[in-house]
Student: 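Could you have a look at this structure, given as structure tokens, before my questions?
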Number of protein chains: 2
Amino acid sequence: MNVPKTRRKGAAVTSPAVSSRDLPHPEPAEIRLEAVLHALSDPMRLRIVRELAADGDELSCSYFDLPVTKSTTTHHFRVLRESGVIRQVYRGTAKMNGLRRDDLDGLFPGLLDTLLDAAGRQAARVRDPGDG
Amino acid sequence: MNVPKTRRKGAAVTSPAVSSRDLPHPEPAEIRLEAVLHALSDPMRLRIVRELAADGDELSCSYFDLPVTKSTTTHHFRVLRESGVIRQVYRGTAKMNGLRRDDLDGLFPGLLDTLLDAAGRQAARVRDPGDG
DNA sequence: TTCATTGTACGAGAATCATCGTAGTTTGAC
DNA sequence: GTCAAACTACGATGATTCTCGTACAATGAA
């Protein structure tokens, strides 16, 4: 906590100083099923993952129009990243988010697709109660 | 903390004569995916569900030898019941627990099996640290 | 440089959660 | 009736979580 909170732009210390900031991601071997399930058990995060899956590509955080503040949005994306569900990378001022499909499919075959299907069925069920 | 393991799979009783105590269960239409995922995101509860699936039949609460107190065990079983993952019914002094397979398969096809498979893979992976 | 955009860090509050210990209830057996 | 087994209800505690507001940093463009 006593470390200088920020470095001025020109005051980069001895570090690779790649243009992008680095974000910690769990290795595949570190991804825990319980953490994945916990990450997806939040409605906001499940919604994010569904949109990412629907798009199929990377989406910036600002693409999502969630009914929470930006602080909370940052929090949810971090939970998804730290659980191994998404990969985040900076591109300019934007932070792009993509599903870790290959890693998840390798660890838990069929899980992501089954979960997405389940979420889709529930959305349809909730959206269409009874016979319209 | 030696839990006397009551016999599993009590002999089939031909005369049900349901007990006086009733336990509230969510209707299939009330089961929420988020609640199911949250229920299964706890290691203790995931373990319970895995044992229930491995046995294939009903098991009493006392059959499980969990590293927590009975109070906590009761809590976990209630979370599983209220989320719709298991069905609980009293039989004598015992409380029998069974997976709601049909209901879950109807709502979220393939989800339970995929989750159980994922949990099994992770257990094998953790138990056998081969590579990364 | 200045500015707007994008997202973060920090601190805080309220809610939820997992866990425990103790006391109590229900059932079945004696 | 008594007694033990199985499970619950209650209260408490410490940890985690979701949410927010404010202040700030990093980037790209003017």
Side-chain angles (χ1 to χ4, degrees), chain A residues 1-12 15 17-24 34-35 37-48 58-83 86 88-97, chain B residues 1-8 10 13 17-24 34-35 37-48 58-83 88-97:
Chain A
M1 298 317 132
N2 290 333
V3 179
K5 297 170 187 172
T6 59
R7 276 183 236 106
R8 303 294 296 274
K9 229 188 293 185
S15 66
V18 195
S19 63
S20 69
R21 294 154 275 179
D22 269 348
L23 295 161
E34 294 91 333
L37 298 183
H38 169 253
L40 298 180
S41 71
D42 181 275
M44 219 62 68
R45 292 194 291 259
L46 186 57
R47 171 170 161 178
I48 291 171
E58 292 187 331
L59 294 175
S60 72
C61 291
S62 61
Y63 169 82
F64 297 84
D65 190 18
L66 304 175
V68 291
T69 63
K70 299 190 95 175
S71 300
T72 303
T73 300
T74 296
H75 160 71
H76 284 311
F77 275 104
R78 185 177 46 208
V79 172
L80 286 171
R81 169 171 50 82
E82 293 180 344
S83 66
I86 68 171
Q88 294 189 292
V89 63
Y90 282 103
R91 191 145 71 223
T93 63
K95 195 186 206 175
M96 305 307 292
N97 306 272
Chain B
M1 190 187 301
N2 264 335
V3 178
K5 304 178 183 176
T6 50
R7 288 311 106 195
R8 55 178 178 178
V13 177
V18 186
S19 164
S20 57
R21 288 175 283 179
D22 265 352
L23 295 160
E34 294 91 332
L37 298 184
H38 169 253
L40 298 180
S41 72
D42 181 273
M44 218 62 66
R45 293 193 290 260
L46 186 57
R47 174 170 159 178
I48 291 171
E58 292 188 331
L59 295 175
S60 72
C61 291
S62 61
Y63 169 79
F64 297 84
D65 189 20
L66 303 175
V68 291
T69 64
K70 297 194 96 179
S71 300
T72 304
T73 300
T74 296
H75 161 71
H76 285 311
F77 275 102
R78 183 177 50 209
V79 172
L80 286 171
R81 169 171 49 84
E82 293 179 344
S83 66
Q88 294 189 291
V89 63
Y90 283 102
R91 189 142 71 222
T93 62
K95 195 185 208 175
M96 305 307 293
N97 305 274

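Excluded from the calculations below are hydrogen atoms, water molecules and symmetry mates; all remaining heavy atoms, backbone and side chain alike, are included. Each chain gets a letter, A, B and so on, in the order its sequence line appears, and its residues count up from 1.
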Student: Rounded to whole Å, please give me the gap between CD in Q88(B) and P in dT26(C).
Tutor: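 So the CD-P distance, Q88(B) to dT26(C), works out to 18 Å.
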
Student: Reading DNA chain C from 5' onward, which residue's closest nucleotide shows up sooner: A94(A) or S71(A)?
Tutor: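 Comparing both residues, the 5'-ward one is A94(A).
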
Student: At 4.0 Å (heavy atoms only), tell me whether S60(A) reaches a base, stays on the sugar-phosphate, or touches nothing.
Tutor: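 Contact class for S60(A): sugar-phosphate only.
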
Student: In whole angstrom, give the distance that lies between atom CZ of F64(B) and atom P of dA5(D).
Tutor: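 The distance from CZ of F64(B) to P of dA5(D) comes to 21 Å, rounded to the nearest Å.
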
Student: From the set dA9(D), dT26(C), dC20(D), return the single nucleotide nearest to any side-chain atom of R78(B).
Tutor: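 Looking only at side-chain atoms, R78(B) lies closest to dA9(D).
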
Student: Calculate, to the nearest 0.5 Å, the distance between atoms NE2 and CG belonging to H38(B) and L37(A) respectively.
Tutor: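 H38(B) NE2 to L37(A) CG: 11.0 Å, rounded to 0.5 Å.
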
Student: I need the OH-C1' distance between Y90(A) and dT27(D), as an integer number of Å.
Tutor: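 Distance check: Y90(A) OH to dT27(D) C1' gives 11 Å.
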
Student: Closer than 3.5 angstrom, by distance alone: can the side chain of N97(B) be matched with the main-chain N or O of L59(B) as a donor-acceptor pair?
Tutor: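 Yes, the answer is positive, given that a donor and an acceptor are paired below the 3.5 Å cut-off.
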
Student: Could you pull out all residues at least two apart from T93(B) that satisfy side chain to side chain contact (heavy atoms under 4.5 Å, CB included)?
Tutor: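 Counting only residues at least two positions away or on another chain, T93(B) forms no side chain to side chain contact (heavy atoms under 4.5 Å, CB included).
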
Student: Please state how far atom CZ in R91(A) lies from atom P in dG7(C), giving the value in whole angstrom units.
Tutor: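 Computing the R91(A):CZ to dG7(C):P distance gives 12 Å.
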
Student: Does dT5(C) have OP1 or OP2 under 4.0 Å away from a side-chain N or O of S62(A)?
Tutor: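 No, no such contact exists.
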
Student: How long is the line joining CE of M96(A) and P of dG7(C), in whole Å?
Tutor: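 After rounding, the gap between these two atoms is 9 Å.
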
Student: Give a yes/no answer on whether the side chain of T93(B) brings an N or O atom under 4.0 Å of OP1 or OP2 in dT26(C).
Tutor: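 No, outside the criterion.
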
Student: Rounded to the nearest angstrom, tell me the gap between atom NZ in K70(A) and atom P in dT6(C).
Tutor: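 Rounded to whole Å, this separation is 6 Å.
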
Student: Between atom CG in L23(B) and atom C1' in dA6(D), what is the gap in whole Å?
Tutor: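 Spelled out: CG on L23(B) to C1' on dA6(D) is 13 Å.
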
Student: Where each residue is assigned the nucleotide of DNA chain D containing its nearest heavy atom, which of M44(A) and G92(A) is assigned the position nearer the 5′ end?
Tutor: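 On the 5' side of the pair lies M44(A).
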
Student: Rounded at 0.5 Å granularity, tell me how far CE in M44(B) sits from CG in L80(B).
Tutor: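 Atom-to-atom, M44(B):CE and L80(B):CG are 12.0 Å apart.
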
Student: Any protein N or O atoms within reach of nucleotides 14-18 of chain C? Criterion: under 3.5 Å, listing atom names and distances.
Tutor:
unit_1  : atom_1 : unit_2 : atom_2 : d
dA18(C) : OP1    : R45(B) : NH1    : 3.3
dA18(C) : OP1    : R45(B) : NH2    : 2.8
dA18(C) : OP2    : R45(B) : NH1    : 3.3
dA18(C) : OP2    : H75(B) : NE2    : 3.0

Student: What is the separation between atom CD on E34(A) and atom P on dT17(D), rounded to the nearest whole Å?
Tutor: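 From E34(A) CD to dT17(D) P: 13 Å.
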
Student: Do the side-chain N and O atoms of S71(A) and T74(A) include a donor-acceptor pair separated by under 3.5 angstrom?
Tutor: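 No, no side-chain donor-acceptor pair sits under 3.5 Å.
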
Student: Quick one: which of dC7(D), dC20(C), dG21(D) gets closest to the side chain of T74(B)?
Tutor: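 Of the candidates, dC7(D) comes closest.
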
Student: Can you tell me how far CD of Q88(A) sits from OG of S60(A), rounded to the nearest 0.5 angstrom?
Tutor: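 The CD atom of Q88(A) is 11.0 Å from OG of S60(A), to the nearest 0.5 Å.
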
Student: Could I get the full list of side chain to side chain donor-acceptor pair (under 3.5 Å) partners for H76(B), not counting sequence neighbours?
Tutor: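 Testing H76(B) for side chain to side chain donor-acceptor pair (under 3.5 Å), a comparison that skips the adjacent residues, returns R45(B).
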
